A.B. asks: 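Pasting a structure here, questions to come.
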Amino acid sequence: IDEKKMCEGTKQILGYADLYDKVNGDYDIFIRLRWDVVIDLKYDFSELLEKTYDHPIGFMSREKMNWPESGRGEVQLANDHDTNCYLPDMMIFHHRKHFDTNLVRTLHENKQLWPAEWGWYQVMSRPYGDIHQSFHYGVKLSRFVYK
């Protein structure tokens with residue numbers, strides 16, 4: 001187990017919870033992105049955004065796959081074998097009803113908040129019945145796009 005990842009991996013979730021609580025307005029749908037992600041501008045995400053009323057959606061890339069700067073223009077539903085059931089965190093679409101900042105803080109205070117993708121699953125999918133979907137493509141880490 002990588003102790004540093006275990007210690008540092010929850011900061012992104014805690015930081016998002018803090019920012020989320022500061023958002024003014026009556027927004028239903030939220031999009032959370034990693035800072036180092038490039039979005040595929042060829043793909044129309046509108047259908048998937050509509051699905052977030054029912055469940056969170058996470059995106060990941062396959063770094064070793066060829067993906068030109070302009071993107072693939074497609075996404076591919078991942079299976080449980082690809083994700084080990086976690087919620088990919090390169091980009092996450094979610095409805096307001098699927099993120100409870102009090103749960104995030106309680107898990108953190110009790111030292112039960114998991115790091116990274118497993119933590120996102122823990123706070124956005126697991127409490128609501130393991131409801132998320134995971135997709136390949138749609139995003140890519142910038143270091144694999146701009147070489």
Side-chain angles (χ1 to χ4, degrees), residues 1-2 4-23 25-101 103-105 107-108 112-147:
I1 296 176
D2 182 346
K4 181 167 175 48
K5 184 169 185 175
M6 294 298 287
C7 293
E8 305 290 328
T10 60
K11 288 182 179 178
Q12 61 178 312
I13 302 166
L14 292 165
Y16 183 74
D18 183 56
L19 181 62
Y20 181 88
D21 281 341
K22 294 175 183 173
V23 172
D26 294 325
Y27 299 101
D28 290 339
I29 302 298
F30 290 79
I31 300 172
R32 183 259 174 202
L33 289 165
R34 280 180 48 153
W35 67 272
D36 57 350
V37 164
V38 176
I39 298 171
D40 183 351
L41 299 178
K42 286 186 175 180
Y43 186 75
D44 180 0
F45 291 95
S46 57
E47 184 179 327
L48 293 177
L49 282 167
E50 286 294 321
K51 290 183 177 189
T52 60
Y53 283 90
D54 298 322
H55 55 268
I57 297 175
F59 296 86
M60 66 184 128
S61 69
R62 292 178 167 172
E63 284 79 17
K64 294 182 172 121
M65 301 295 286
N66 185 19
W67 198 71
E69 289 181 24
S70 58
R72 297 175 59 93
E74 64 184 54
V75 296
Q76 179 182 66
L77 186 62
N79 61 43
D80 289 345
H81 175 74
D82 294 333
T83 64
N84 294 317
C85 301
Y86 61 69
L87 179 59
D89 67 348
M90 290 179 142
M91 180 167 67
I92 298 174
F93 297 166
H94 71 92
H95 190 276
R96 178 178 296 282
K97 66 186 175 187
H98 297 131
F99 189 64
D100 178 0
T101 58
L103 173 61
V104 171
R105 288 183 182 88
L107 289 169
H108 173 70
Q112 296 174 331
L113 183 60
W114 300 335
E117 295 92 346
W118 294 273
W120 291 111
Y121 162 78
Q122 184 185 26
V123 299
M124 285 191 183
S125 181
R126 186 178 184 202
Y128 309 102
D130 195 17
I131 60 170
H132 72 281
Q133 280 188 312
S134 302
F135 286 88
H136 291 290
Y137 310 119
V139 294
K140 189 95 170 156
L141 291 179
S142 61
R143 67 178 176 249
F144 295 109
V145 174
Y146 303 109
K147 289 185 178 184

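Since this is a predicted model, take the numbers as computed values, not measurements.
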A.B. asks: Tell me if a side-chain donor or acceptor on E117 pairs with a main-chain N or O of Y86 at a distance below 3.5 Å.
C.D. replies: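 Flag not set: sc E117 to bb Y86 has no pair under 3.5 Å.
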A.B. asks: Heavy atoms only: give me the nearest A17-V104 pair and the separation to one decimal.
C.D. replies: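 Distance-wise, the nearest heavy atoms are CB-CG1, 4.0 Å.
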A.B. asks: If I take atom OG1 from residue T101 and atom CG from residue L19, how far apart are they, to the nearest 0.5 angstrom?
C.D. replies: 11.5 Å
A.B. asks: What I'd like to find out is whether the side chain of V123 reaches to under 4.5 Å of the side chain of L87, using heavy atoms alone.
C.D. replies: no
A.B. asks: Assess whether side-chain contact (heavy atoms from CB on, under 4.5 Å) is satisfied between M60 and H136, documenting all intermediate values.
C.D. replies: CA-CA 5 Å; M60 66 184 128; H136 291 290; 3.6 Å; yes
A.B. asks: Given the side-chain rings of F45 and F59, with only the six-membered ring counted for Trp, is the space between their centroids under 6.0 Å?
C.D. replies: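 Yes.
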A.B. asks: What verdict does the side-chain contact (heavy atoms from CB on, under 4.5 Å) test give for I57 and F135, after you've listed the backbone C-alpha separation in whole Å, the side-chain angles of each residue and the deciding distance to 0.1 Å?
C.D. replies: CA-CA 8 Å; I57 297 175; F135 286 88; 3.5 Å; yes
A.B. asks: Would you give the length of the straight line joining atom CG of N79 to atom SG of C85, rounded to the nearest 0.5 angstrom?
C.D. replies: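 Atom-to-atom, N79:CG and C85:SG are 9.5 Å apart.
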A.B. asks: Quick check: do V38 and V139 have side-chain heavy atoms less than 4.5 Å from each other?
C.D. replies: no
A.B. asks: Is any side-chain heavy atom of Q122 less than 4.5 Å from a side-chain heavy atom of L113?
C.D. replies: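 Sidechains of L113 and Q122: in contact.
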A.B. asks: Under the ring pair (Phe, Tyr, Trp, His ring centres under 6.0 Å) rule, collect the residues that match up with Y128, sequence neighbours excluded.
C.D. replies: H98
A.B. asks: So Y16 and Y20, would you call those rings parallel, tilted or perpendicular, with 30° and 60° as cut-offs?
C.D. replies: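 Plane angle between 30° and 60°, so tilted.
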A.B. asks: Answer yes or no: is there a donor N or O on one side and an acceptor on the other, between the side chain of D40 and the main chain of G73, under 3.5 Å?
C.D. replies: yes
A.B. asks: Taking the side chain from R34 and the backbone from D89, do they hold a donor-acceptor pair closer than 3.5 Å?
C.D. replies: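 Answer holds: no.
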A.B. asks: If I take atom CG from residue L48 and atom CG from residue L77, how far apart are they, to the nearest 0.5 angstrom?
C.D. replies: 9.5 Å
A.B. asks: Would you check, one step at a time, whether the test side-chain contact (heavy atoms from CB on, under 4.5 Å) holds for I92 with F30?
C.D. replies: CA-CA 8 Å; I92 298 174; F30 290 79; over 6 Å; no
A.B. asks: Rounded to the nearest 0.5 Å, what separation is found between the NE2 atom of H108 and the NZ atom of K11?
C.D. replies: 9.5 Å
A.B. asks: Side chains of D100 and P127: closer than 4.5 Å at any heavy-atom pair?
C.D. replies: no
A.B. asks: Could you walk me through whether T10 and L107 satisfy the side-chain contact (heavy atoms from CB on, under 4.5 Å) test, starting with their C-alpha distance in whole Å, then the side-chain angles of each, then the deciding distance to 0.1 Å, before giving a yes or no?
C.D. replies: CA-CA 10 Å; T10 60; L107 289 169; over 6 Å; no
A.B. asks: If we only count heavy atoms from C-beta on, is the W120 to H94 side-chain gap below 4.5 Å?
C.D. replies: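 Answer no - side chains too far apart.
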A.B. asks: By the side chain to side chain donor-acceptor pair (under 3.5 Å) test, which pairs, at least two apart or in different chains, include something from residues 45-58?
C.D. replies: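 Of all non-adjacent pairs touching residues 45-58, those that pass side chain to side chain donor-acceptor pair (under 3.5 Å) are D44-S46, H55-Q133.
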A.B. asks: Testing the basics here: between P88 and S134, what is the closest heavy-atom pair and its distance to 0.1 Å?
C.D. replies: CD-OG, 3.0 Å
A.B. asks: Decide yes or no for H132 and D130: does some side-chain heavy atom of the first lie under 4.5 Å from some side-chain heavy atom of the second?
C.D. replies: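 Result yes, sub-4.5 Å side-chain heavy-atom pair found.
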